[in-house]
Amino acid sequence: AKNQGHGSCVIFNPSMVEELRYHSQMLRSLKRDLDLGQLFLEYQPQIDLATSQLLGVEALVRWHPAGGQRIPPDQFIHLAEQSGLIIKLGDWVLQQALLDLQELLPEFPNIRMAVNVSALQFNQPDFETKVAKALKNSGVSGQNLDLEITESVGVLGSLEVENKFTYLKQLGVTLSIDDFGTGFSSLSYLEKLSADRLKIDRSFVAKLDASDSGQRIVQMIIGLGQRLNLQVLAEGIETNSQLEELKALGCHEGQGYLIARPLALDALLEWIDQWDC
Ligand code: C2E
Ligand code: CA
Ligand code: CA
Ligand code: CA
């Protein structure tokens with residue numbers, strides 16, 4: 001802490017400067033690699049838990065800076081959000097995912113491509129028209145696209161958010177609420193919610209084996225989904241007992257390492273051949 005002499009005290013330490021420098025460097029190289037086309041996507045299968053049928057894949061962005069180690073999205077997505085770069089990054093993700101989707105459509109005409117959309121991106125006034133354009137340019141039907149948004153997009157059920165939902169739904173696009181249970185949606189808004197699917201956050205799935213309270217939360221979300229007529233997808237399924245428990249609780253859909261890790265497009269196509277469902 002450095003005393004400035006007139007009563008104010010600026011908290012200032014070297015590690016914060018280091019961190020700022022590190023982050024601004026990281027952001028610069030992220031920007032550069034995005035421009036150079038050096039980001040890529042992996043796809044994690046989503047299946048019907050009752051039949052094991054492949055329903056869709058979730059696109060997850062990957063960054064491997066030249067000469068360095070892979071940096072996980074948890075470390076750069078929020079930087080991209082803070083700086084606004086997420087808009088450009090999100091545009092690229094959507095376009096790339098729709099491009100890769102075309103490899104899957106001949107064999108799986110009803111498959112859905114789930115794309116993560118950050119709140120900042122979703123709340124841009126031109127977001128929905130961008131989605132419409134991306135669909136048109138790729139020639140893919142909106143019915144093959146699922147957008148994963150979190151409760152942080154704003155008040156779910158509010159007029160503004162609902163208007164976007166309506167527009168997107170007219171395109172055939174479906175909406176999933178990601179990380180469900182970790183946000184702040186009030187029950188009265190949920191009542192009005194016109195999303196299609198709740199994704200149970202993996203922190204709750206992880207607790208299924210261990211505790212009763214974990215099980216109660218999962219049970220509650222599944223019940224809520226049934227009551228509101230929404231699909232429920234559990235993410236982060238890692239063990240057979242979690243899978244069995246989820247099925248017993250009536251969860252429709254799931255994804256997780258037990259089924260498949262996120263895979264590059266080629267590896268996904270191989271996985272699909274072997275899965276054969
Ligand atoms: P998310 O949307 O909740 O994605 C699920 C994360 O859980 C992914 O981490 C996935 O690899 C991981 N995962 C899947 N199955 C399992 C499992 O069985 N066990 C465990 N421990 N983890 C599992 P990832 O790829 O590191 O992504 C982290 C987060 O970064 C995502 O969380 C999402 O919030 C964000 N993200 C990733 N790609 C994008 C993107 O294209 N756009 C935006 N806006 N955010 C993205
Ligand atoms: Ca997601
Ligand atoms: Ca999640
Ligand atoms: Ca997340």
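Start at 1 and go down the list; that is how both ligands and their atoms are numbered.
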Chemist: Give yes if a backbone or side-chain nitrogen or oxygen of Glu148 is under 3.5 Å from a nitrogen or oxygen of ligand 1, and no if not.
Modeler: no
Chemist: Are Arg112 and Gln46 linked by a side-chain donor-acceptor pair shorter than 3.5 Å?
Modeler: yes
Chemist: Any side-chain to backbone donor/acceptor pair from Gln121 onto Ser118? Under 3.5 Å, distance only.
Modeler: yes
Chemist: Measure from the Ca ion (ligand 2) to each N, O or S atom of Ser176 and report whether any distance is below 3.0 Å.
Modeler: no
Chemist: When you measure from the centre of the six-membered ring of Phe127, is the NZ or CZ of Lys164 under 6.0 Å away and within 45° of the axis?
Modeler: no
Chemist: Does Ser52 reach the main-chain N or O of Asp48 with its side chain, forming a donor-acceptor pair under 3.5 Å?
Modeler: no
Chemist: Is the shortest distance from a Lys or Arg side-chain nitrogen in Arg202 or Asp179 to a carboxylate oxygen in the other one below 4.0 Å?
Modeler: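 No, this pair does not count.
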Chemist: When only distance counts, is Gln121 in polar contact with ligand 1, meaning an N/O pair under 3.5 Å?
Modeler: no
Chemist: Looking at Glu235, which of its N, O or S atoms is the nearest one to the Ca ion (ligand 3)?
Modeler: OE2
Chemist: Which is the closest N/O/S atom of Glu148 when seen from the Ca ion (ligand 2)?
Modeler: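 Of the nitrogen, oxygen and sulfur atoms in Glu148, the Ca ion (ligand 2) lies nearest to OE1.
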Chemist: With respect to Glu58, determine whether any N or O atom, backbone or side chain, lies less than 3.5 Å from an N or O atom of ligand 1.
Modeler: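 N/O-N/O distance below 3.5 Å exists for this pair.
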Chemist: Taking just the N, O or S atoms of Asp178, which one is nearest to the Ca ion (ligand 2)?
Modeler: OD2
Chemist: Of all the N, O or S atoms in Glu58, which one sits nearest to the Ca ion (ligand 2)?
Modeler: OE2
Chemist: Among Gln231, Glu148, Glu253, find the residue that satisfies the side-chain hydrogen bond (donor to acceptor under 3.5 Å, both in side chains) test when tested with Lys199.
Modeler: Glu148
Chemist: Which is closest to atom 15 (N) of ligand 1 by heavy-atom distance: Gln44, Gln255, Glu235?
Modeler: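 Heavy atom nearest to atom 15 (N) of ligand 1 belongs to Gln44.
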Chemist: Quick check on contacts: which atoms of ligand 1 are under 4.0 angstrom from a heavy atom of Ser118?
Modeler: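 Those atoms are 44 (N).
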Chemist: Looking only at N, O or S atoms, which one in Asp179 sits nearest to the Ca ion (ligand 3)?
Modeler: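 The closest N, O or S atom of Asp179 to the Ca ion (ligand 3) is OD1.
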Chemist: How does Val93 reach ligand 1, if at all, at less than 4.0 Å between non-hydrogen atoms: by side chain, backbone, both, or neither?
Modeler: side chain
